[in-house]
Protein chains: 2
Amino acid sequence: MARTIQQEVPGRSPLTAAAVLGRAVELADAEGLDAVTIRRLGKELGVTPMALYWHFRGKDALLDALVDRAVADVDLAVDLAVPWQQQFGSLMRSIVGMLRAHPWITALLSRGGLPSEGHLGVLEVMLDVLRRAGFTPEQATTVARHALSTAAALVGGEPGYAPRLSPEELADRQHRFRGLLEKLPGDRYPRIIEAAVPLSTCDDPDGYYAFGLDLLLAGIEAMAPRAR
Amino acid sequence: MARTIQQEVPGRSPLTAAAVLGRAVELADAEGLDAVTIRRLGKELGVTPMALYWHFRGKDALLDALVDRAVADVDLAVDLAVPWQQQFGSLMRSIVGMLRAHPWITALLSRGGLPSEGHLGVLEVMLDVLRRAGFTPEQATTVARHALSTAAALVGGEPGYAPRLSPEELADRQHRFRGLLEKLPGDRYPRIIEAAVPLSTCDDPDGYYAFGLDLLLAGIEAMAPRAR
DNA sequence: TAGCTAACTATACGGCGTACAGGCTACGGT
DNA sequence: ACCGTAGCCTGTACGCCGTATAGTTAGCTA
């Protein structure tokens, strides 16, 4: 009943779902989500594209598994000794950190479909923090949903969302953008021209994320049932 | 020099970029962004797919134009007589309204690329409101970026983002989701089970959007330089 | 030895974006 | 009356994509 190792094909260990997902993550991180194709994965793994269909029902299932694998990286430990705002904040920081590490996930999250186990785990912890803070189940649901959306939005947002771009490409982009700003009619876009520098630079991404999270948390706290 | 009407092909008026975009919007609204393909558009317009390449440099340019066309629908009028919070709020409501009308835009917004004219128009007005409220150019830039991301996130967020789904499909989804929730282990996911109803229903989308915007605005106001 | 099953391979289909080359129509100049 | 030219479109082909279907192989069990 137990299968032993089966290593007959010369240079290759047998395919596993985990190996496929691992290579897929590498591909997505390095070349973007568009590079993750069945055929490409097959080639990378030294296998016929159709071989992947033994391990996954189709590309959708593969992508779902990919999201789940990433979501599992979120640190769900909460310190019950600190105020709920801090508990929620560190939760959000962990989520944002995971999304920043793999920005392509945001595109996958907004495909419909039932939530995966990883999803549910994160959601459970968020709801728990909010419920203990005094929110009703309805309020907690709304806040958690909104917080998750905001996290995705932060990562998808402008500060050069362009991941995996080489520094030179990024500099080129920035240069072309600044060129565009410079030849804008000054009487129509005074505010944009005035803000040309902050608009076209994206230094201090950490500050950007900190600001976004602070703003979210400030909003949540302003609506909290009993602030403490 | 001036070309007059040229209607030689029997049943068809000559193609224009606007006509292509119009059909593309209809397609995206009715069947989702995936239905917008060069070949499909050509078929719909009674024309060879390659004909579209006369009017657009490629599919990317077509999609960019599509976004621009939609963004132009945003109502940029602001009432200078009301507090800046209200000015910004109605601006955001207009933006969210546009995104809700064409949810597929959110997917297009997060593709990199230089901002279009429509983009700049919206950004200019947002920055203006924020600057007059006392934010520095840097702050205003950050807030505007974040607000735009949040608007996109709201629309992309959970409440059944599944657009264009028939009511029956939507009910099926909801039913399967509730089934999943019911057979969850109660000891591992108490908070989720407790919130099963608000999680699986998506009535009152207006309330969802109002909440999201209120939360954003509360956060912004909490960080405003001189609160009023 | 025969048969079963897990894990692949081979082939093929239809759809996608688009490069490239060719053609047709209406107009302006001569 | 002719023709060049510009604008608009067609035809064909290439190389990707996901995947349905069917065939092959290795190792285990009986």
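Letters A, B, ... are given to chains in the order of the sequence lines, protein chains preceding strands, and every chain is numbered from 1.
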Enumerate all atom pairs, one protein N or O and one N or O from nucleotides 22-24 of chain C, separated by less than 3.5 Å.
none

Item to complete: Nearest whole angstrom, please: distance from the C1' of dT25(D) to the CH2 of W54(A).
Response: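 It works out to 13 Å between those atoms.
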In this structure, how many angstroms lie between the P atom of dA7(C) and the CG atom of L45(A), rounded?
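Rounded to whole Å, this separation is 16 Å.
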Is it the case that the side chain of [X] and the backbone of [Y] share a donor-acceptor pair, with hydrogens and angles ignored and the cut-off at 3.5 Å?
X	Y	result
R111(A)	L108(A)	yes
S94(A)	S90(A)	no
E124(B)	R191(A)	yes
K59(A)	V36(A)	yes

Are the side chains of [X] and [Y] in touch, meaning some heavy atoms are under 4.5 Å apart?
X	Y	answer
R57(B)	Y53(B)	no
R100(A)	L154(A)	no
L216(B)	L215(A)	yes

Review point. Cut-off 3.5 Å, side chains only: do S116(B) and D68(B) have a donor facing an acceptor?
Key: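 Yes, a side-chain donor-acceptor pair sits under 3.5 Å.
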With sugar-phosphate taken as primed atoms, P, OP1 and OP2 and all else as base, the protein-contact string of nucleotides 12-23 of chain D at under 4.0 Å (heavy atoms; B, S, -) is B----BBBBB--
### Query
Is there a side-chain polar atom (N or O) of H55(A) under 4.0 Å from OP1 or OP2 of dA6(C)?
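Answer no for this pair, as no side-chain N or O of H55(A) is under 4.0 Å from OP1 or OP2.
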